[in-house]
Amino acid sequence: VSRATRAMRMFELSPFVTTAESEKGYVATSSLAGSRVNTSLKDIAAQIDVLTPEFLNDIAAINMDEAVAFSTNNGTPGEQNVGANNGIADTRGGGRARGFDAITNSADFYATNLPSDFYNIERVTIANGPQSILFGLGNAGGAIDISTKRALMRNRNEVALRVDSNNSLRTTADFNREIVPGKLALRLAAVDNDGRSYVEGAYNRQKRVFGTVTWKPLAQTTVRV
């Protein structure tokens with residue numbers, strides 16, 4: 001009697017990492033927000049909105065101000081005119097949550113005030129309410145975290161061009177290369193943005209480059225830079 005056997009490869013996912021592969025369209029299934037480990041959203045006792053890349057593409061959002069308008073209980077500082085230039089005094093990252101001006105902005109759970117651009121992110125996670133127990137020093141409104149892209153063990157290319165009725169021109173590129181199969185991968189993303197406004201003479205010009213490397217020297221060890 002012969003018995004056929006089939007070899008199976010087992011992959012153990014890190015409890016401290018969320019991956020875009022687990023998302024299906026607009027639906028995200030897990031998050032690090034709320035517990036600091038990869039937890040199913042249905043098991044987190046807090047209001048957490050996850051904006052996936054598919055959703056951000058469909059609403060044509062390219063930065064945080066454009067994205068939070070489609071989330072729950074969140075908005076942009078410009079919604080409340082508190083001074084000259086429609087209440088916007090600088091270019092730091094910002095947001096309003098639950099009526100509070102102050103909200104914690106972070107990238108991969110490291111606090112930042114840099115203005116956001118979505119050319120190098122995989123998802124946006126918005127945790128509403130006081131988050132000091134989860135994120136260290138947090139604000140009463142909540143926390144907005146962006147997950148930057150990671151180098152993946154596969155080859156992938158993407159180039160995009162965007163124009164609008166204000167004569168804006170935006171070009172993005174995303175190249176992922178598996179240098180050593182299963183061991184080493186490199187990913188480069190770039191954006192050249194000449195954003196114009198309906199206000200004559202107003203513009204937002206940016207040139208950015210982002211690079212990341214994933215190295216797996218051992219089966220149970222992954223180094224990301």
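All residue numbers refer to positions in the sequence shown, counting from 1.
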Going from [atom1] on [X] to [atom2] on [Y], what distance comes out if it is rounded to the nearest 0.5 angstrom?
| X | Y | atom1 | atom2 | answer |
| --- | --- | --- | --- | --- |
| Thr52 | Asn57 | OG1 | CG | 8.5 Å |
| Ile62 | Thr172 | CD1 | OG1 | 10.0 Å |
| Asn193 | Ser168 | CG | OG | 7.0 Å |
| Ile144 | Asn105 | CD1 | CG | 5.5 Å |
| Thr222 | Arg150 | OG1 | CZ | 10.5 Å |
| Asn157 | Phe175 | CG | CZ | 6.0 Å |

Check your understanding: So, for Thr214 and Ala151, which heavy atoms are closest and what is the spacing to 0.1 Å?
Key -> OG1-O, 2.8 Å
Exercise for review: Of all the heavy-atom pairs spanning Ile59 and Glu66, show the shortest one and how long it is.
Suggested key: CD1-O, 4.5 Å
Linked, directly or transitively: [X] and [Y] (ILVMFWY side chains, under 4.5 Å):
| X | Y | answer |
| --- | --- | --- |
| Ile121 | Leu51 | yes |
| Val225 | Leu184 | yes |
| Trp215 | Leu186 | yes |

Check your understanding: Which pairs pass salt bridge (charged side-chain N to carboxylate O under 4.0 Å, His left out) with one or both residues in residues 198-211, sequence neighbours excluded?
Key -> Asp192-Lys207, Asp194-Arg205
Using a 4.5 Å cut-off on heavy atoms from C-beta on, say whether the side chain of [Y] contacts that of [X].
| X | Y | result |
| --- | --- | --- |
| Leu161 | Leu169 | yes |
| Val124 | Leu56 | yes |
| Asp108 | Ser147 | yes |

Between the side chain of [X] and the main-chain N/O of [Y], is any donor-acceptor distance below 3.5 Å?
| X | Y | value |
| --- | --- | --- |
| Asn176 | Ala185 | no |
| Asn204 | Gly195 | no |
| Ser116 | Met64 | yes |
| Ser197 | Tyr203 | no |

Exercise for review: Evaluate the criterion side-chain hydrogen bond (donor to acceptor under 3.5 Å, both in side chains) for residue pair Thr125 and Asp145; output intermediate values, then yes/no.
Suggested key: CA-CA 5 Å; Thr125 302; Asp145 181 72; 5.2 Å; no
Revision key, fill the gap. Tracing side-chain contacts under 4.5 Å among Ile, Leu, Val, Met, Phe, Trp and Tyr outward from Val191 reaches Tyr119, Phe210
**Study point:** Arg170/Asp117 ion pair, N-O < 4.0 Å
**Key:** yes
Practice item. Can you sort out the partners of Leu218 under side chain to side chain contact (heavy atoms under 4.5 Å, CB included), two or more places apart, ordered by chain and number? Key: Thr221
Revision key, fill the gap. Only residue of Glu122, Glu178, Glu158 satisfying salt bridge (charged side-chain N to carboxylate O under 4.0 Å, His left out) with Arg187 is Glu122
